[in-house]
S.K.: 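My questions will all concern the structure given below.
Both ligands and their constituent atoms are indexed starting at 1 by order of listing.
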Amino acid sequence: MHQLARASTVLIVLIAVVLGLGVGVGVGVGGTAGAHAAPEPERGPEPQVAVIGTGGTIAGVAKSRVSFQNYESGQLPVSRLVDDLRPEVNRLADVRTRQFGNKDSNDYSVPEYRRLTAAVDDALRTNDAVVVTTGTDTMEEFAYWLDLTVRSDKPVVLTGAMRPWTVIGSDGPANLYNAIHLAASGRTTCFGTVVMLNDQIQAARDVRKADALRLDAFTSGSSGELGVVDQNHIRLDRAPARVRECGKPGWQTPFDLDRLARRPLPKVEIAYSYQGAGPEAVKAFADAGAAGIVTAGTGAGGLSPAMTEARADAVKDGVLFASASRTGSGAVYDPDVRGVVGAQDLTPQKARLLLTLSLAKTHNEDRIQRWFTTLGPERLVR
Ligand code: ASP
């Protein structure tokens with residue numbers, strides 16, 4: 001779609017959101033066709049959607065049809081998952097698949113994340129949208145990484161499942177179908193990466209897995225979900241702040257992986273604070289060569305005295321810290337401590353990804369603090 005057309009699409013989405021209209025304005029099948037609709041309006045060319053498989057429970061196989069929680073994840077090829085949804089999915093889009101990997105989400109590394117970004121951008125050169133299937137355990141990290149690194153503003157939708165594909169009542173087929181529907185609709189153009197599970201659409205920056213087993217495991221906390229997929233209807237109630245920069249150069253983040261040096265990305269670790277936490281974790285990470293450490297602090301970034309001292313020592317050795325909260329909600333603003341940036345409302349695991357990418361570009365603390373502040377809800381007050 002032309003940049004200008006895309007920008008106006010988003011503008012219409014925003015106006016529709018403000019007016020509370022659940023209208024479909026996307027390309028191809030927008031999701032407005034009701035069960036009693038008059039003759040179908042003429043359709044344009046089919047949207048092309050690439051589904052990239054990385055594994056997880058959605059591709060999992062269980063020993064019996066009622067083995068909901070004991071199963072092998074990352075077994076079925078993504079082509080089989082999509083084929084199981086045909087012919088219905090063919091009415092949404094021209095869907096092709098690509099197997100990136102097939103394993104548990106916990107088994108992926110940052111170098112593989114780098115290759116995933118390249119795979120997504122590559123697919124977006126010839127497709128209108130991409131769906132990525134992943135395990136749910138670290139899906140929020142997959143999503144935020146892609147949100148920070150994919151250069152294209154076409155829709156990127158992540159999905160997975162809490163129950164393996166082969167059991168009774170698996171959420172996998174409906175999640176994948178809805179994700180393809182959402183991607184094909186074009187409605188999240190310029191939203192960056194979104195996550196679609198349990199009919200809910202969530203922003204990559206806000207979403208987190210908040211339950212180990214339930215089907216409604218994902219939440220965006222006080223930010224709230226972006227919208228829902230209700231059968232034929234895609235309802236968007238809000239959009240991520242970056243939509244306002246749709247079509248402008250500022251829409252992309254500063255983290256163009258093609259322009260970062262080919263050398264490995266810096267090592268960034270997470271240290272968790274708790275009552276009486278010792279200095280060992282911080283010291284060990286610094287000794288192991290960490291360029292950055294995120295602290296999952298109590299409340300608004302609190303650390304035990306021993307950890308505070310270990311942090312000060314590591315700062316003297318050039319380690320940069322991001323102070324996050326272990327509470328799962330609220331923000332750590334400017335800690336006013338040399339060598340420590342405030343992670344804002346990012347969870348520690350997402351702050352780690354942003355700190356990794358930031359340190360790959362610069363060690364300038366002020367610049368990095370600015371990225372933490374502006375690559376989010378405060379994007380517009382730069
Ligand atoms: N352990 C699985 C994974 O993250 C869990 C899931 O997919 O739901 O790959």
S.K.: Give a yes-or-no answer on whether the side chains of Ser220 and Gln202 include a donor-acceptor pair shorter than 3.5 Å.
M.R.: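 Yes, Gln202 and Ser220 have a side-chain donor paired with an acceptor closer than 3.5 Å.
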S.K.: With atoms numbered from 1 as shown, which atoms in ligand 1 lie under 4.0 angstrom from a non-hydrogen atom of Thr57?
M.R.: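 So the answer, numbered in order with elements, is 2 (C), 5 (C), 6 (C), 7 (O), 8 (O).
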S.K.: Can you name the nearest heavy-atom pair linking Phe142 to Leu158, along with the distance?
M.R.: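 Residues Phe142 and Leu158, closest heavy atoms: CB-CD2, 3.7 Å.
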S.K.: Under 3.5 Å, is there a donor-acceptor pair between the Tyr274 and Ser304 side chains?
M.R.: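 Short answer, no.
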S.K.: Are any of the N/O atoms in Thr136 less than 3.5 Å from those in ligand 1?
M.R.: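 Thr136 vs ligand 1: N/O contact under 3.5 Å present.
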S.K.: When you compare ligand 1 with Asp137, is there at least one nitrogen or oxygen pair between them that comes in under 3.5 angstrom?
M.R.: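 For ligand 1, there is an N or O atom that lies under 3.5 Å from one belonging to Asp137.
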S.K.: With side chains defined as the heavy atoms from C-beta onward, is the minimum distance between Leu236 and Ile201 less than 4.5 Å?
M.R.: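 Yes, close enough: below the 4.5 Å cut-off.
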S.K.: Before signing off on this row, confirm whether Lys103 and ligand 1 have an N or O atom pair separated by under 3.5 Å.
M.R.: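 For ligand 1, there is no N or O atom that lies under 3.5 Å from one belonging to Lys103.
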S.K.: What orientation do Tyr113 and Trp145 show, parallel under 30°, tilted 30 to 60°, or perpendicular over 60°?
M.R.: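 Correct class here is tilted.
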S.K.: For ligand 1, is Gly55 a contact, meaning one of its heavy atoms is under 4.0 Å away?
M.R.: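 The answer is no, since Gly55 has no heavy atom less than 4.0 Å from ligand 1.
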S.K.: With rounding to the nearest 0.5 angstrom, report the CG to OG distance, Asp345 to Ser223.
M.R.: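 One finds 6.0 Å between CG of Asp345 and OG of Ser223.
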S.K.: Relative to the heavy atoms of Ser105, which atoms of ligand 1 are at a distance of less than 4.0 Å?
M.R.: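 Per the distance check, 3 (C), 4 (O), 9 (O).
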S.K.: Near Gly56, which atoms of ligand 1 are under 4.0 Å from a heavy atom of that residue?
M.R.: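 Atoms satisfying the 4.0 Å criterion: 7 (O), 9 (O).
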